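In what follows, a single structure is set out as structure tokens and then discussed.
Here the structure is a predicted model, which means the values were calculated and not measured. Residues take their numbers from the sequence shown, with the count starting at 1.
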Amino acid sequence: MPFLVKDLIDEHRKPLTVRADDSLQIALTRMTEHDYSQLPIVDAENRYLGMVTSDSILRALKTFDVAPKSLLVRDAKMKVPAFDEERELFDLLDGLRDFYALPIVDKEKRVIGVVTGYDATEYFRRRSEDMMFVEDIEGYLKDHIGAAHTSESGGIDDTALQQSIKQHARGAPIQRRLFFTALQRYLERQSEFQGGKRPHLDVQLAGDIFTQTFENDTPASLDDLTLADYVALISSKEQWERYEGIFHPLARDKIHNMLDDVRKTRNAMAHF
């Protein structure tokens with residue numbers, strides 16, 4: 001899943017720019033009013049031409065030894081590379097090592113935003129916080145699952161927990177359904193060749209065979225499970241009675257959808 005430069009851009013915020021034939025006084029005034037240290041320079045079609053910065057203005061004033069109103073923005077223009085909004089975010093980070101701020105342009109080279117080192121840092125900080133929130137949720141789910149499988153002595157009932165894991169975690173429900181479907185199709189095809197009546201699948205026997213053949217007898221701890229496993233355990237119809245009181249008054253399907261969204265968010269951040 002690629003992360004693009006446009007992810008850092010506020011599409012509802014129009015970037016502040018200046019024209020090349022504006023006076024430096026106009027540029028300075030805009031930068032001062034908005035607390036900016038740089039502005040993109042654009043033409044009449046808003047196409048990118050370069051950047052003007054506080055440093056480039058100081059150099060121009062020192063070189064020409066005149067007042068800001070006597071110079072034009074083009075006299076203090078800097079060559080700063082523009083980044084297409086569809087480029088990958090990590091390419092932009094390389095650019096930010098050399099420049100404090102970088103202009104972002106669309107396919108027509110029109111300026112749609114400016115990204116600074118602060119913007120990139122804030123972007124990563126928010127995602128780091130999101131990952132910590134997800135880890136907190138994962139920890140709470142693990143605690144609830146453990147509490148739902150306690151014995152009379154107060155410790156975790158390992159037998160009950162292992163049974164729940166085998167039946168509902170690690171993709172077991174899907175694997176079991178696929179196994180049953182394959183068996184049913186095999187019996188139907190076999191009856192076609194033999195010209196017999198529609199076969200009957202013994203679900204109990206098929207389940208026993210599935211357990212003996214595919215399920216690992218090695219006990220799995222809660223720490224071995226993934227977030228998807230926790231979601232499957234908590235939101236399954238057969239297990240819901242254990243957790244209904246914890247999540248009341250939310251219904252099982254609501255809890256499943258919420259937790260599954262957390263899982264998808266975690267996967268997206270993991271790819272990032």
Side-chain angles (χ1 to χ4, degrees), residues 1-4 7 123-185 201-272:
M1 177 181 177
F3 288 81
L4 305 179
D7 294 332
Y123 179 82
F124 287 108
R125 183 189 66 80
R126 291 197 305 269
R127 272 140 191 81
S128 298
E129 288 181 345
D130 290 343
M131 182 61 80
M132 288 188 285
F133 288 143
V134 171
E135 290 177 353
D136 285 342
I137 292 173
E138 193 169 354
Y140 291 141
L141 294 180
K142 183 174 70 173
D143 292 341
H144 286 319
I145 292 171
H149 292 83
T150 55
S151 62
E152 294 182 357
S153 61
I156 293 181
D157 187 338
D158 289 325
T159 300
L161 177 60
Q162 291 304 314
Q163 185 67 20
S164 296
I165 292 174
K166 285 184 177 182
Q167 291 180 353
H168 304 287
R170 297 186 170 181
I174 296 176
Q175 294 173 358
R176 186 178 290 264
R177 286 198 299 271
L178 291 175
F179 177 70
F180 285 8
T181 301
L183 280 181
Q184 184 66 48
R185 289 178 178 173
L201 177 65
D202 188 327
V203 176
Q204 181 62 47
L205 178 59
D208 292 341
I209 295 174
F210 176 86
T211 300
Q212 295 170 6
T213 306
F214 296 103
E215 291 187 349
N216 191 344
D217 291 332
T218 303
S221 70
L222 285 176
D223 293 330
D224 296 329
L225 303 183
T226 65
L227 179 56
D229 293 327
Y230 296 148
V231 175
L233 279 169
I234 286 178
S235 62
S236 67
K237 291 181 179 180
E238 295 80 5
Q239 293 285 310
W240 180 241
E241 184 177 344
R242 296 178 182 271
Y243 309 101
E244 186 174 9
I246 298 174
F247 297 103
H248 181 79
L250 294 177
R252 183 183 64 84
D253 60 333
K254 298 294 184 182
I255 289 297
H256 176 271
N257 292 339
M258 291 171 60
L259 295 180
D260 199 51
D261 284 343
V262 173
R263 179 190 62 80
K264 292 175 182 177
T265 300
R266 184 190 186 282
N267 289 344
M269 290 188 292
H271 285 300
F272 180 75

Review point. Is a side-chain N or O of Asp7 found less than 3.5 angstrom from the main chain of Leu4, in a donor-acceptor match?
Key: yes
**Study point:** Test side chain to side chain contact (heavy atoms under 4.5 Å, CB included) applied to Ile145 and Leu225, step by step
**Key:** CA-CA 11 Å; Ile145 292 171; Leu225 303 183; 5.7 Å; no
Revision key, fill the gap. Interatomic distance, CG@Leu233 vs CG@Leu141, rounded to 0.5 Å, equals 10.0 Å
Check your understanding: Arg125: what forms a salt bridge (Lys or Arg N to Asp or Glu O under 4.0 Å) with it, not counting sequence neighbours?
Key -> Glu122, Glu129
**Study point:** Sequence neighbours excluded, every pair satisfying salt bridge (Lys or Arg N to Asp or Glu O under 4.0 Å) that has a member inside residues 140-149
**Key:** Lys142-Asp223
Only distances under 3.5 Å count here; give the side-chain donor-acceptor pairs of residues 240-254 to other protein atoms, sequence neighbours excluded, each with its distance to 0.1 Å.
| unit_1 | atom_1 | unit_2 | atom_2 | d |
| --- | --- | --- | --- | --- |
| Arg242 | NE | Gln239 | OE1 | 3.1 |
| Arg242 | NH1 | Ala148 | O | 2.9 |
| Arg252 | NH1 | Ser235 | O | 2.6 |

**Study point:** CG on Asp229 to CD1 on Ile234, rounded to 0.5 Å
**Key:** 11.5 Å
Review point. How far does CD1 of Ile137 sit from CG of Leu259, to the nearest 0.5 angstrom?
Key: 7.5 Å
Show me the donor-acceptor pairs, under 3.5 Å and distance only, between side chains in residues 152-161 and residues at least two apart or in other chains.
| unit_1 | atom_1 | unit_2 | atom_2 | d |
| --- | --- | --- | --- | --- |
| Ser153 | OG | Ser151 | OG | 2.9 |
| Asp157 | OD1 | Thr159 | N | 3.3 |
| Asp157 | OD1 | Ala160 | N | 3.2 |

Point to revise | Pairs touching residues 130-141 that satisfy salt bridge (Lys or Arg N to Asp or Glu O under 4.0 Å), sequence neighbours left out | key: Glu138-Arg266
